[in-house]
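Below is one structure, written out as structure tokens; the observations come after it.
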Amino acid sequence: MPASPKTTSSIKGPNARPFYAKHNAEQLKEALRRMWLIRRFEEMAEDSYVRGLTHGTMHLSIGQEATAIGVCMDLTDKDYITSTHRGHGHCIGKGAEVRYMFAEFFGKEEGYCRGRGGSMHIADPATGNLGANGIVGGGLPLATGAALAIKQRKTKDVAVCFFGDGANNEGAFHESLNIAGVWKLPVIYVCENNQYGMSVSTARSTAVKDVATRAAGYDMPGVVVDGNSIADVNEAMMAAMERARKGQGPTLIECKTYRTKGHSRSDRNRYRSKDEIEDWKQRDPIPAFEYDLQAHGVMTAAEAKAIRAGVEKEIEEAFAFAQAGTNPTPDSLLRDIYTAGSAA
Amino acid sequence: MPASPKTTSSIKGPNARPFYAKHNAEQLKEALRRMWLIRRFEEMAEDSYVRGLTHGTMHLSIGQEATAIGVCMDLTDKDYITSTHRGHGHCIGKGAEVRYMFAEFFGKEEGYCRGRGGSMHIADPATGNLGANGIVGGGLPLATGAALAIKQRKTKDVAVCFFGDGANNEGAFHESLNIAGVWKLPVIYVCENNQYGMSVSTARSTAVKDVATRAAGYDMPGVVVDGNSIADVNEAMMAAMERARKGQGPTLIECKTYRTKGHSRSDRNRYRSKDEIEDWKQRDPIPAFEYDLQAHGVMTAAEAKAIRAGVEKEIEEAFAFAQAGTNPTPDSLLRDIYTAGSAA
Amino acid sequence: MSVRELSFAQAIQEALAQAMEVDPRVFLMGEDIGVYGGAFQVTGDLVHRFGEDRVMDTPISELGGAGVAVGAAIAGSRPVYEFQFSDFSTLAMEQIVNQAAKMRYMLGGKVSVPIVFRMPCGSGTGAAAQHSQSLEAWFGHVPGLKVVEPSTPEDAKGLILAAIDDPDPVLVFEHKLLYKIKGNVPEIMYRTPIGKAVVRRNGKDATVVASAIMVHKALEAAEALAKEGIDIEVIDLRSIRPIDGATIIESVKKTTRLACIYEGVKTLGIGAEISAMIAESEAFDYLDAPIMRLGGAETPIPYSPILEKVAVPQVDGITDALRNLVKGGF
Amino acid sequence: MSVRELSFAQAIQEALAQAMEVDPRVFLMGEDIGVYGGAFQVTGDLVHRFGEDRVMDTPISELGGAGVAVGAAIAGSRPVYEFQFSDFSTLAMEQIVNQAAKMRYMLGGKVSVPIVFRMPCGSGTGAAAQHSQSLEAWFGHVPGLKVVEPSTPEDAKGLILAAIDDPDPVLVFEHKLLYKIKGNVPEIMYRTPIGKAVVRRNGKDATVVASAIMVHKALEAAEALAKEGIDIEVIDLRSIRPIDGATIIESVKKTTRLACIYEGVKTLGIGAEISAMIAESEAFDYLDAPIMRLGGAETPIPYSPILEKVAVPQVDGITDALRNLVKGGF
Ligand SMILES: Cc1ncc(C[n+]2csc(CCOP(=O)(O)OP(=O)(O)O)c2C)c(N)n1
Ligand SMILES: Cc1ncc(C[n+]2csc(CCOP(=O)(O)OP(=O)(O)O)c2C)c(N)n1
Ligand SMILES: [Mg+2]
Ligand SMILES: [Mg+2]
């Protein structure tokens, strides 16, 4: 991408924080755009769910967009991620197109998983996204294994594993981080600590205050960042990626954030207060980033508006595309269980 | 037990370390006796295995007796332990009779498990020993659950969980310690770190040097002690038991020790050096304790000899008892799978 | 004796409440079963009635949670552990199968393991492959376990109470689509015997053995066929381990035809066992037709609602199959 | 083509070595498979030949280890993961069943999961209930997995090589008592097809379908019965998912009698599926006797050698049962 002509010295200068120093205006604006894309995608998805256009269940990450984008914005298609049940943001962050995501929600052949997976399994291997996962903690060994494959083929790629605060109490967390620690694998564990695993607060589920504390048990750095600040998240990622690429092994990054929507549709929010939710809504990462970019002169108000309008249009078109998609036919039920041509 | 008349002031005086201050001579001599009993029991068991009298597999804890007895000597029959595949010492420490242990090895009805369990499942619920376990880490949730039951019935008992350095990398370790940490359960996790999980050294299996480091991830104290010193082990247990009984929650005690025999019979010791084994043999915990007791005047040389002779006799009688035991009859195959009288 | 209409979920909740009321050792463990009320609102408001010490939200730790419950059971408590979805029991197989199921035997009968595992199962909710499995056949294969699968609110309550009373580990499979169905449920504490099937519909032309939601589908199919003059006997299996062979054999001797209908994957599913049990029994000589199995398709459950529906037996397919079975069109 | 006598364990080792030789993506993971050589000495000295990067000792972490292997497979490597005992796969069911088996389907065919799980199984070693299970039926119930179980050194090598070649997850069950048996094994790299049974002995009076160690016991029983003039056909199942129905059906049509012999627990074991498959097939009409199953007793495996022996089918019992089957004494 071309360096932005509008970059101001206060951001690019020697005192600029690394997030601004290392990214040009186009990259920063693209990051903002993707955050909006996640937000609007999820709002639209929720709407279509309420209207009965989608079935199954759905977990929204509204409020957590800075983490998804802060983590993914510097990854290439050769870097892997494993995602979670709350994975729309990761998917968009890694480069997926929302049209195929909507198509998946509608159970269409055009969907990323040809309608077989739905929201909880959405994946895009072409961009290195090995998929959301319906099993809490299920992606932890998988990302660790992807990192092993990277190490075996001796490239400089990394594997990134998203997981929640709830997942940190699964045995899979412990076993994966230990293996990565012993084998010095190029994997970055990103804990999206949104304070709750479904209805149970970290105070009630997790014996320590910060998940990052546990990193010490696996011989890796554990850092806590403000997950609602894309700059904080991204700078932690830079350090972790450098470490991984140098063969120094894994890092655990804990992003403190919050989901302002319920866990899923069945949630009556009995376990938290309205005030708490309102407080966090005030810390919405998207307007904050939008403001920063303007304050720093990376982007004008008009550009900001254009970004939003572009997102709006993309969402609308994607939605229409998905609605017009093709339903699977019953006779395709048994396709893609086994690889065609193999014994089955 | 009566206080020993031979106690010297250097041990019982105000400067005596707690292990000697809190136990009388009878208790100390009984501890020594049990250590010898473990040693001789295992030597005899190995011998009978080599002679083809026992089948299956067998894991000897020779060299680790100070940990077993240091942990168990102050427990009552109402305190629970869960043991491991290397559990003969724990079993004897908790008060089992060697005659029924031998009978179990010989697959006799008189055995602790009526010959159904063998060495890897030997148990004695009557003395609070919930059993050895064939699954590495299998006892971790069980001990934690026993501690929950204790808490529910509001007594002051504790549950003790033995596990190995290898087991510390199982997810069961993480999940159990986290639950115990959050719920403040009266459980004491005793890691017998004998440096190897089968053939794999802790350096190759565990991302941190000390397993006890991991305690910080579960909001509990983690202490490292010389597992070949019964006094060190026991003093750590005193603190942990006090903590548990006060409702302050769990403790992790890591006992550094060594098994001087192979992992099991199939072991060719390819993963460690003869020198290393010899070094540790020099640190045999039993002669060391025997020496201390004499040096401190708790026991005379004649008494030490008498203890050994008593153990020898007990082992011989037990062995004969077991050999004369009753074989299960084939028609009893299906007994005790379900509780008699329940639907099955 | 007072009888009311309750939903399947309410019936289970009532059983849990009554058991906790009379026995202080009984307590509940699981993920989000407290203030959230459970993913399917089965525990509902019980935490307010019995407190957090008896309705315990666990961390998301199925191996640890289930294992802690097993340990508590061995040490004298009476835990009821809820898996949020039975699919997550894949994380706890070690504790269920190696520990809970075998502990009594391995220890020569010196302990018992009075634990209940609640297992919400089945497809039909659009939750896709990792949240829709029917794994009861696995557990039916394990000596030391008991496995039941109620189809009505009445049996749901009675089997939960029987399971809690039972000194051995019992898994209760609860099909998620049944939680909202309603039925008559007596108020008193009663037990539905573990190990006993029940004939839900008498018939003479063929025997259908079905379980859980398939009982309802089979009954619907039977009503449709009745209009064609075909008379189907429907047996509700209820218990998968032990299986009530006697009831099935007796029925097959009468009808001479057998179909097994189940939602789990057909291959090595519960219908395989029922078929094999009949094929080796004295009922074999009475059979006038091959034994038919209608089971789940050989696929992970798809998300697409179109595909999800064809992945498990539905009423129309069952009706057609039973008609063929009776008419001999093989 | 050169053929030598190798033990079953050596044959597997040769397959692993050849696969690693020709494909740098192939590597081994497991507990104590390096310098220790594996609990059953299957990997032996391979670590010295291929180095620690390709013969990887893992921590004792079955869920993590198996899951890491699955992740590596999805990302382009070719792992062969050894469970030290297949009993320990109970700790990794989540990754095997929810992830490896379903990933391809859930992702619409966009990934494949070329992983091999090696599963030492079975009783007879005095290792008691937690080290002696035969759990192949569980995995046979899971679409997305393939399950094989060789009985000879030749097939052990051929099936391991086929499994490594296969783009989908394959579990290879290796009965521990077979590791030391010897047999002819070609030196070249050949594949034994997954999904194909083989007739090990032709006969006309009854068909026996057996797998793994039971093939040997069935053949021994068949030889004994041959002296009495009873002629048994013995089919070695080899593949449990998919099952080779055609070979079995053809045989049963000829012999008109069927016995299924397997070590796993009888109820819901692999014999249940074979029986049910025949009872619903066109072979049903050819049957002259009930279908017989001889499976493991309904018990955890006991430690006592006396009891351990009676817990699974033995040659004498098989011989008597087959005689009864043919003579019609039901
Ligand atoms: C193994 C497993 N246990 C439980 C669940 C049910 N469940 C789905 S999401 C969730 C909460 C997860 O919490 P966290 O990891 O913090 O992620 P968040 O939902 O907060 O993003 C639970 C309990 C599951 N899907 N898988
Ligand atoms: C879940 C499980 N994995 C592997 C094994 C095989 N195994 C038995 S003992 C052992 C080593 C255990 O090491 P550690 O916990 O350090 O105990 P130690 O043998 O050193 O006393 C292994 C790998 C097992 N029994 N259970
Ligand atoms: Mg969370
Ligand atoms: Mg060890």
Side-chain angles (χ1 to χ4, degrees), chain B residues 80 82 104 109 111-118 120-126 128 130-135 137-153 159 161 170-180 182-183 185 334-344, chain C residues 24-25 27 29 53-54 56 58-79 91-92 94-95 98-115 143-146 148 162 165-170 193-196 239 241-242:
Chain B
Y80 292 109
T82 61
E104 185 59 32
E109 285 285 353
Y112 272 115
C113 307
R114 312 185 90 151
R116 272 67 177 172
M120 259 194 300
H121 302 292
I122 204 154
D124 182 18
L130 298 181
N133 212 304
I135 302 296
L140 284 153
L142 299 178
T144 310
L148 174 60
I150 289 169
K151 191 174 178 185
Q152 288 173 330
R153 69 172 85 106
C161 177
E170 287 281 6
F173 166 86
H174 177 69
E175 298 190 14
S176 299
L177 271 73
N178 181 58
I179 290 173
V182 174
W183 292 352
L185 298 179
L334 302 183
R335 198 187 56 195
D336 291 330
I337 300 167
Y338 297 101
T339 304
S342 79
Chain C
R25 297 171 306 169
F27 72 105
M29 277 176 74
D53 286 347
R54 295 186 72 194
M56 303 183 78
T58 66
I60 309 178
S61 302
E62 288 78 8
L63 177 64
V68 165
V70 174
I74 296 172
S77 294
R78 291 271 179 170
L91 285 159
E94 197 292 288
Q95 287 289 321
N98 295 333
Q99 311 295 343
K102 297 177 173 49
M103 195 61 81
R104 181 174 176 75
Y105 192 80
M106 293 187 302
L107 268 52
K110 296 198 180 159
V111 294
S112 59
V113 190
I115 188 169
L145 300 179
K146 301 175 187 178
V148 298
D165 270 5
D166 201 283
D168 301 318
V170 183
I194 293 173
K196 293 271 170 274
S239 179
R241 184 172 194 93

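Below, read A as the first sequence line, B as the second, and so on, with proteins coming before strands; counting in each chain starts at 1.
In this structure, chain B has heavy atoms under 4.5 Å from both the backbone and the side chain of C/Leu107. With a 4.5 angstrom heavy-atom cutoff, C/Pro59 touches chain B only via side-chain atoms. With a threshold of 4.5 angstrom between heavy atoms, C/Leu91 does not approach chain B through any atom at all. Looking at C/Arg25, there are no atoms closer than 4.5 Å to chain B (heavy atoms on both sides), in backbone or side chain. Heavy-atom distances place the side chain of B/Tyr80, and not its backbone, under 4.5 Å from chain C. Contacts of C/Thr58 with chain B are made by both backbone and side-chain atoms, with heavy-atom separations under 4.5 Å. Proximity to chain C is limited to the backbone of B/Arg335, based on heavy atoms less than 4.5 angstrom apart. If you measure heavy-atom distances from B/Ile337 to chain C, the contacts under 4.5 Å come from both the backbone and the side chain.
A heavy-atom distance below 4.5 Å is found between the side chains of C/Gln99 and B/Asn133.
Of the listed residues B/Leu334, B/Leu177, B/Val182, B/Asp336, the one with more heavy-atom pairs under 4.5 angstrom with chain C than any other is B/Asp336. The candidate from C/Ala69, C/Gly144, C/Gly109, C/Ala66 with the greatest count of non-hydrogen atom pairs under 4.5 Å with chain B is C/Gly144. Top candidate by heavy-atom pairs under 4.5 Å with chain C, chosen from B/Ser176, B/Ala172, B/Ala123, B/Gly138, is B/Gly138. Options B/Gly139, B/Ala146, B/Ala159, B/Gly117 differ in how many heavy-atom pairs under 4.5 Å they form with chain C, and the most are formed by B/Ala146.
Across every non-hydrogen atom of B/Ser342 and C/Lys146, the tightest pair is OG-NZ, 2.7 Å. Taking both residues in full, the closest heavy atoms of C/Met106 and B/Cys113 are given as O-CB, 3.0 Å, listed atom of the first, atom of the second, then distance. Contact record, C/Ser77 with B/Gln152: OG-OE1, 2.6 Å, taken as the closest heavy-atom pair. In terms of heavy-atom proximity, B/Tyr112 sits nearest to C/Lys110 at O-NZ, 2.7 Å. Taking every heavy atom of both residues into account, C/Gly64 and B/Pro141 meet most closely at O-CB, 4.2 Å. Residues B/Ile179 and C/Gly65 share a closest heavy-atom pair of CD1-N, 3.8 Å.
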Quick one, B/Leu130 with C/Met103, criterion side chain to side chain contact (heavy atoms under 4.5 Å, CB included). Give me CA distance, side-chain angles, the key distance, then yes/no.
CA-CA 9 Å; B/Leu130 298 181; C/Met103 195 61 81; over 6 Å; no
Could you check C/Gln95 against B/Leu142 for side chain to side chain contact (heavy atoms under 4.5 Å, CB included), going step by step and ending with a plain yes or no?
CA-CA 9 Å; C/Gln95 287 289 321; B/Leu142 299 178; 3.4 Å; yes
Go through the steps for C/Leu63 and B/Glu170 under the test side chain to side chain contact (heavy atoms under 4.5 Å, CB included), then give the verdict.
CA-CA 11 Å; C/Leu63 177 64; B/Glu170 287 281 6; over 6 Å; no
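Of the possible polar contacts, one joining the B/Tyr338 side chain to the C/Leu145 backbone as a donor-acceptor pair under 3.5 Å is found.
Take B/Phe173 and apply the ring pair (Phe, Tyr, Trp, His ring centres under 6.0 Å) test, not counting sequence neighbours, and it matches A/His174, B/Phe163, B/Tyr218.
Atoms CD and CD, from B/Glu175 and C/Glu62 in turn, are 7.0 Å apart once rounded to the nearest 0.5 Å.
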